[in-house]
Amino acid sequence: MNPYRCVFHMGIEKSLEYRVNFLLTMTSSIFPVIIQTIMWTYFYGKTDAAASTGYTYSQIMIYTLLATLVSQLVSTGFAWQMNDDIKRGGLNKYLVRPVHYGGYQLSSFLGEKIPQLLMLLVVSVAVISFSAAVFGLTLSATRILLFIISLLFALALNFFLFYTVALTSFWLTDVDQFFGTISIVLVVISGGVLPLDIFGEKTVLITKILPFGYTTQFPVNIINGRYDMQAVGVGFLCQLFWVAFFGILGEVLWKKGLQRYVAVSG
Amino acid sequence: MAVIEVQHLKKEFSYYKKKPGLAGSLHNLFHRETLTKEAVRDISFSVEKGEIIGLLGPNGAGKTTTLKMLSGILYPTSGQAVVDGFVPWERQNAFKRRFSIVMGQKNQLWWDLPASDSFYLNKCIFNIDDQQYIHTIEELSELLEVRELMSVQVRRLSLGERMKMEILAALIHRPDILFLDEPTIGLDIVSQQKIRGFLRYYNEQQKTTIILTSHYMRDIEELCQRAVIISQGQVVYDDTLSKINQLMGDKKVLTLKFSEDISAQQLAPFGKVRECKCREGILELPKEGIRTTMADILSRLPVEDFTVTEVPLEESIALIFRKEGAVS
């Protein structure tokens, strides 16, 4: 068997070992949705929010539900482990075997993600059906297909983005707080909390230039029908560009970082 | 033929100086003084194929750093090393297939899964064919007595069991060279003996070249013919174990049991008294003239039993450390 396929299988096994943790992670994402529902309901009840945000109440609720879902679908959690490997000598076991560290991490990440994705698939069907029934989300087979493709690219982009961030551990002494902050900031600037285009044209432009929106806002805007086919095509190209960019940057940082690796403790 | 050749290997680490306390931390925010530590100063030695050598030295001597350079984990600051025809820090895949490293304080197995999963992963990584893999697993799990534990998650294994699994995982691809960094650390005596027995057998059967570091002298005495002693980043001794005791000035240790209580003053005329309590005494004697001294003791003291042994290896090595420390 190809070693990376083997790592992928082991990632699935590992993920299934911690069922409670997995369920808790899923459940915990309900709370931000509740808070946002209360916030938007209040906001839209008191003011003419639709005029200022460009979203009707139904549209903003659809966005909130879908953005939470997409954030969960593309979320990563390996940066802390990588930091620990770099700081405490855990990299040794990869360096002494004929295996590529990035490929190993990607295979393990995807493997660990699979059970979560399957569970989220059920949740996705429920959320999308609920959005269609209650908030009038209109769906088409093409849009669902494009949404799934954009999610796969978003997952790859988020992996390479966090892989690159995690590699800064070679240069930074204590990155725990840094990772925590980065994770929160990335959720916000990727459109995981609220749609960034409510802040105006400049924000829309910045969102299109920067890579972050392509991890969450872009897939959400495909399924909720805010993007036409041309915007979707350009978005896919941007996703691919950023995947390649962070893939190459990660490889460069890995090689540079190894020169600094001191393999401490033990 | 030397399979490992090390010449003038040196490794420096840079670090920041920090004064104690909050004031020191605040000062470091704005100004950091970089210092350099020589973990390995100048190390040269060679190892023949099939040899087991002990790499000895006090904590911080540079043993682990040397092993890390020889396995390609670290780049050296200067110097050369060739291991099985490869420069380790070039990290060629062909080189990685020739050696293995086991670190007693590091876990190479997947913590949440049974060790057998990690073995299978190594099979895939090293591209081992099914027949050889099954044969290796059966043979080694039998020898290490871990067959029943193969499907237990690594996190549920005892330290001794885990270490046996680590060694097994490291040998899946039958490496020519094995680096062992304190493989018996923290293990009980029975586990230590099992691992020593296994390593001795494995070396005899496979002719695997082994470099071993350990703070347990029994590991070194039972496994190694030769020791390279490192102190403060430099080789201070490189020869057979048996010659180490000559550094103690050819002394022997005489342990005596008496039929009645004896005082230290009564023992003192015969040699250096190491210990004296009631009916037991330990003397340090020069090898030369030991027969005469023994006869003298037997005729003058109520000796019931006695044994003559070499000076414990730990003491000889500690003496080397102290000598080098004093010189440095």
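Lettering follows sequence order; numbering is per chain, from 1. As the structure is a computational prediction, the values presented were derived from the model and not from experiment.
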*Asks:* Can you tell me which portion of A:Y104 sits under 4.5 Å from chain B's heavy atoms? Options are side chain, backbone, both or neither.
*Replies:* side chain
*Asks:* Test your reading of the model: is there a side-chain donor-acceptor pair from B:K106 to the backbone of A:K93, 3.5 Å cut-off?
*Replies:* no
*Asks:* Quick check for you: to the nearest 0.5 Å, what is the distance between A:N92 atom CG and B:D181 atom CG?
*Replies:* 10.0 Å
*Asks:* Heavy atoms only: give me the nearest A:S108-B:W110 pair and the separation to one decimal.
*Replies:* OG-CH2, 3.8 Å
*Asks:* If you tally heavy-atom pairs under 4.5 Å against chain B, which of A:V99, A:L258, A:L91, A:N2 wins?
*Replies:* A:L258
*Asks:* Looking at B:L121 and A:V7, what are the two nearest heavy atoms and their distance?
*Replies:* CD1-CG2, 3.4 Å
*Asks:* Hey, which residues of residues 152-159 of chain B are touching chain A, say heavy atoms under 4.5 Å apart?
*Replies:* B:Q153, B:R155
*Asks:* Need one label for B:S100: side chain, backbone, both or neither, based on atoms under 4.5 Å from any heavy atom in chain A.
*Replies:* neither
*Asks:* Would you check if A:M1 and B:Y120 make a side-chain contact, meaning some heavy-atom pair closer than 4.5 Å?
*Replies:* yes
*Asks:* Nearest 0.5 Å, please: how far is CG in A:L95 from CZ in B:R91?
*Replies:* 5.0 Å
*Asks:* Using 0.5 Å steps for rounding, measure from the CZ atom of A:R260 to the CZ atom of B:F13.
*Replies:* 12.5 Å
*Asks:* May I ask you to name which of B:K11, B:H173, B:Q92, B:Q108 has the most heavy-atom pairs under 4.5 Å with chain A?
*Replies:* B:Q108
*Asks:* Do other residues, nucleotides or ligands put more than 12 heavy atoms under 6.0 Å from the NZ atom of B:K49?
*Replies:* yes
*Asks:* Please rank B:N127, B:N107, B:T65, B:I125 by heavy-atom pairs under 4.5 Å with chain A and give me the top one.
*Replies:* B:I125
*Asks:* Any side-chain heavy atom of A:K14 within less than 4.5 Å of one from B:W111?
*Replies:* no
*Asks:* Does the side chain of B:K96 come within less than 4.5 Å of A:V96's, by heavy atoms?
*Replies:* no
*Asks:* Any idea which of A:R5, A:E13, A:M10, A:H9 has the most non-hydrogen atom pairs under 4.5 angstrom with chain B?
*Replies:* A:M10
